[in-house]
Amino acid sequence: MTESVNIALRFSKFAKLNPNQTAVVETIKTRRDGQVVYRQLSFQELDEESDRIAAGLRERGCGPGMKLVLFVPFSIDFVSLTFALFKTGATIVLIDPGMGRTNIFRCLEEVNPDGFVALPLVHFVRLLNRRKFPNAKFNISSSCWMPGVIGKLSELKKSKAESFAVAKTKREDLAAIIFTSGSTGPPKGVAYEHGMFDAQVEMIQSYYGIEPGEVDLPGFPLFGLFNAAMGVTTVIPEMDPTKPAQVDPEKMIRDIEKFKVTQAFGSPAFWNRVGRYCVENGVTFPTIKRALSAGGPVPVHVLKRMQKVITKPGADLFTPYGATESLPVASIGGSQVLNETASRTGQGEGTCVGKTFPGVDVKIIEITDGPISFMTDAKELPHGEIGEIIVRSPSVTREYFQRVEATALAKIADGDRFWHRIGDVGYFDNEQQLWFCGRKAHIVDVNGVRHFSVKCEAIFNEHPNVYRSALVGIGEKPNQSPVIVVEPEAGEFPENSAALQKFHDELLALGKASELTQSIETILFHRSLPVDTRHNVKINREQLAKWAQEQMS
Ligand SMILES: Nc1ncnc2c1ncn2[C@@H]1O[C@H](COP(=O)(O)OP(=O)(O)OP(=O)(O)O)[C@@H](O)[C@H]1O
């Protein structure tokens, strides 16, 4: 008999062995006197609660083959509902609330869900648009009763679970459909099989040496689920996970100190804000063993500040590299970046994302736009040459949900296995370290010469008054005009023409001094570059190109 694979099984197994360890903590409210009220569940309580919810869901007809949209905020209920759904064998559809109404509707219609496990407000919107979701009959409200719902979460929590058994999910069964952040084109539904989540948990835990009993503050909800499967306590941060750039550092510091957090995950925008506050106020994190940051390159200034904040010997800020479709791929620690690779980044060599995880294969192939059906059609490039990054591992996803064309563009068959084209460009150096040079869609082609965004921007980012910059191309490939759009550091925006001229000339001189950026003659200043809604860090260069064109005309 084949063994069942499901991260809910990992979680339950740990809960049986360590029933009293705290599994999840959430903030309920802050009293008038400033005292914060928390709610927490032990592993046993979370396991039993998710069993009862799963039994209640199953009683009402939920099971394998069903696709249910889970739309509740990151909370204890989110964690117990997710494990309950995994236990029933149903497929969870996860949508980022930050992706905007139009995208949310488009994604939901595409999935054609069998129902919604959601907040009353979501049910209200569902009711207004019921024709768009013809199959959505299995609807559960997370709080009050709504028309068309067949149950409430509070009722599910009272179900009898004595004889409940977890569905026998196989490695290839569909566990979840998770949408990409849509920073290059519309978001796509990534089909996650149970075996892929399981491999992800295994790889992340063993690579970083994450031990049961640790305490994590995950700025990104998916990490909360992995924690429970690793025996790690989750402290749900009091923040809007769709707005990491606006996180309140004081609240993060409060919880990191109170719960002696050993690990915290946040996008570079999260650490930028927290790190600045900590350095300005002399705050350090002596309990943190590892901070993690992903979603885009982590700027050197962020790493430098965090190095002052994370004081435990041997502790570091790591920057795992990967994507929704393929996580993890590679990783590097902030101290290695600062000691060894940052100076090369400043000279335009790209961002070093480190060595690949054990069990992950990465190749660099010649850059092409169309689909590549078989690996025999791809041309592998030697070390040092920039090409498309492709990846193969047990956690890499096989397809986009019902998107044949997008799947064909992103996957390459290789015998009975396959490779994922991550959509990024980069190269391997002689020490087998992977360097990220930007997204393939962001290459600017100047008379046939490819300009890679991350490499070129780094030259301008060396100016002390530049917070970040973005390379955009005006016109059609291969004859685009390159433009660099600069967001100055706070308080450094050139407010008069003399300041503007000076800043402009300094940047132009920097650009002219490097072979990579010699052709860039147009420099524009922007107060706040448009960024993605999930990590608040990926610059929307498509939108910015239109803005640049308007400015120039
Ligand atoms: N450590 C890192 N350093 C540099 N870039 C990173 C790092 N981690 C992730 N990225 C960038 O983020 C991308 C993955 O982003 P994500 O999966 O959130 O959605 P997306 O790819 O932006 O969505 P879409 O495919 O819809 O545009 C990677 O391909 C890479 O460009």
Side-chain angles (χ1 to χ4, degrees), residues 7 23-27 70-79 81-83 92-99 175-183 187 190 192 196-197 200-201 203-205 207-208 210 214-230 232-249 251-252 255-256 259 261-275 288 290-298 302 306 317-329 331 395 397 531-538:
I7 58 167
V24 237
V25 183
E26 70 182 6
T27 315
L70 179 61
F71 217 125
V72 294
F74 188 26
S75 56
I76 294 185
D77 283 344
F78 171 83
V79 179
L81 275 166
T82 307
F83 279 110
I92 303 176
V93 181
L94 284 176
I95 302 234
D96 222 321
M99 68 168 60
I177 301 167
I178 301 178
F179 281 83
T180 60
S181 58
S183 40
V190 178
Y192 259 91
M196 293 165 182
F197 276 136
Q200 224 163 33
V201 167
M203 288 157 97
I204 293 174
Q205 182 156 26
Y207 184 84
Y208 290 114
I210 302 171
E214 288 204 33
V215 184
D216 182 39
L217 181 104
F220 189 53
L222 214 52
F223 258 77
L225 306 179
F226 294 162
N227 286 337
M230 293 181 195
V232 168
T233 301
T234 294
V235 177
I236 297 173
E238 198 188 341
M239 66 180 277
D240 178 348
T242 66
K243 296 192 176 76
Q246 285 165 33
V247 63
D248 178 349
K251 289 184 174 156
M252 301 306 108
D255 288 354
I256 288 172
F259 297 100
V261 164
T262 59
Q263 171 177 294
F265 180 92
S267 88
F270 174 101
W271 290 119
N272 178 44
R273 199 158 155 98
V274 173
I288 289 193
R290 74 191 77 74
L292 298 163
S293 189
V298 185
V302 172
M306 287 311 295
L317 186 144
F318 295 91
T319 62
Y321 167 72
T324 314
E325 300 89 332
S326 53
L327 196 82
V329 175
S331 177
S395 69
T397 54
V531 288
D532 71 292
T533 51
R534 183 179 294 167
H535 306 289
N536 299 169
V537 67
K538 293 191 182 85

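All values derive from a computational prediction rather than experimental measurement.
Residues Asp240 and Gln246 are not in side-chain contact: their nearest non-hydrogen atoms beyond the backbone lie 4.5 Å or more apart. A heavy-atom distance below 4.5 Å is not found between the side chains of Val298 and Trp271. A heavy-atom distance below 4.5 Å is not found between the side chains of Ile178 and Thr397. The shortest side-chain heavy-atom distance between Thr319 and Tyr321 does not fall under the 4.5 Å cut-off. Side-chain contact between Phe74 and Val79 is present, with at least one heavy-atom pair separated by less than 4.5 Å. Annotation: side chain of Tyr207 is not in contact with side chain of Pro320 (no heavy-atom distance under 4.5 Å). Residues Ile210 and Asp216 have side chains not in contact (no heavy-atom distance under 4.5 Å, counting atoms from C-beta outward).
With hydrogens and angles disregarded, no donor-acceptor distance shorter than 3.5 Å links the side chain of Thr234 to the backbone of Val24. Side-chain N or O atoms of Thr324 include none that pairs as donor or acceptor with a backbone N or O of Thr180 at under 3.5 Å. Judged purely by atom type and a 3.5 angstrom limit, Ser326 has no side-chain atom pairing as donor or acceptor with the backbone of Gly322. Of the possible polar contacts, none joining the Lys251 side chain to the Pro237 backbone as a donor-acceptor pair under 3.5 Å is found. Asp532 places a side-chain N or O within donor-acceptor distance of the main-chain N or O of Val537, the cut-off being under 3.5 Å. With hydrogens and angles ignored, the 3.5 Å screen pairs no side-chain donor or acceptor of Gln263 with any backbone N or O of Arg290. Side chain of Glu325 to backbone of Val190: no donor-acceptor contact under 3.5 angstrom is found. A distance-only check finds a donor-acceptor pair linking the side chain of Glu26 to the backbone of Ile76 [under 3.5 Å]. Checked by atom type and distance alone, the side chain of Asn272 never pairs as donor or acceptor with a backbone atom of Pro268 at under 3.5 Å. Put simply, the side chain of Thr233 never gets that close to the backbone of Val215: no donor and acceptor are under 3.5 Å apart.
To the nearest 0.5 angstrom, Met203 atom CE is 11.0 Å from Tyr208 atom OH. A distance of 10.0 Å separates CZ of Phe265 from CZ of Phe226, quoted to the nearest 0.5 Å. Distance CD1/Ile256 to CD1/Ile288: 4.0 Å, rounded to 0.5 Å. For the atom pair Leu81 CG and Ile92 CD1, the distance stands at 8.5 Å (nearest 0.5 Å). The OG1 atom of Thr242 lies 11.0 Å from the CE atom of Met99; values are rounded to the nearest 0.5 Å.
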Check the pair Thr262 / Glu214 against side chain to side chain donor-acceptor pair (under 3.5 Å), numbers first and verdict last.
-> CA-CA 6 Å; Thr262 59; Glu214 288 204 33; 2.8 Å; yes
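Residues Ser267 and His535 share a closest heavy-atom pair of OG-O, 2.7 Å. Closest heavy-atom contact between Ser75 and Ile236: C-CD1, 3.3 Å. Of all the heavy atoms in Arg273 and Ala245, the pair that sits closest is CD-O, 2.9 Å. Across all non-hydrogen atoms, the minimal contact from Pro328 to Gln200 is CD-CG, 4.3 Å. In terms of heavy atoms, Ala269 sits closest to Asn536 at CB-O, 3.7 Å. Looking at every heavy atom in both residues, Pro221 comes nearest to Phe78 through CB-CE2, 4.1 Å.
Relative orientation of the Phe197 and Tyr192 rings is parallel, given thresholds of 30° and 60° on the angle between their planes.
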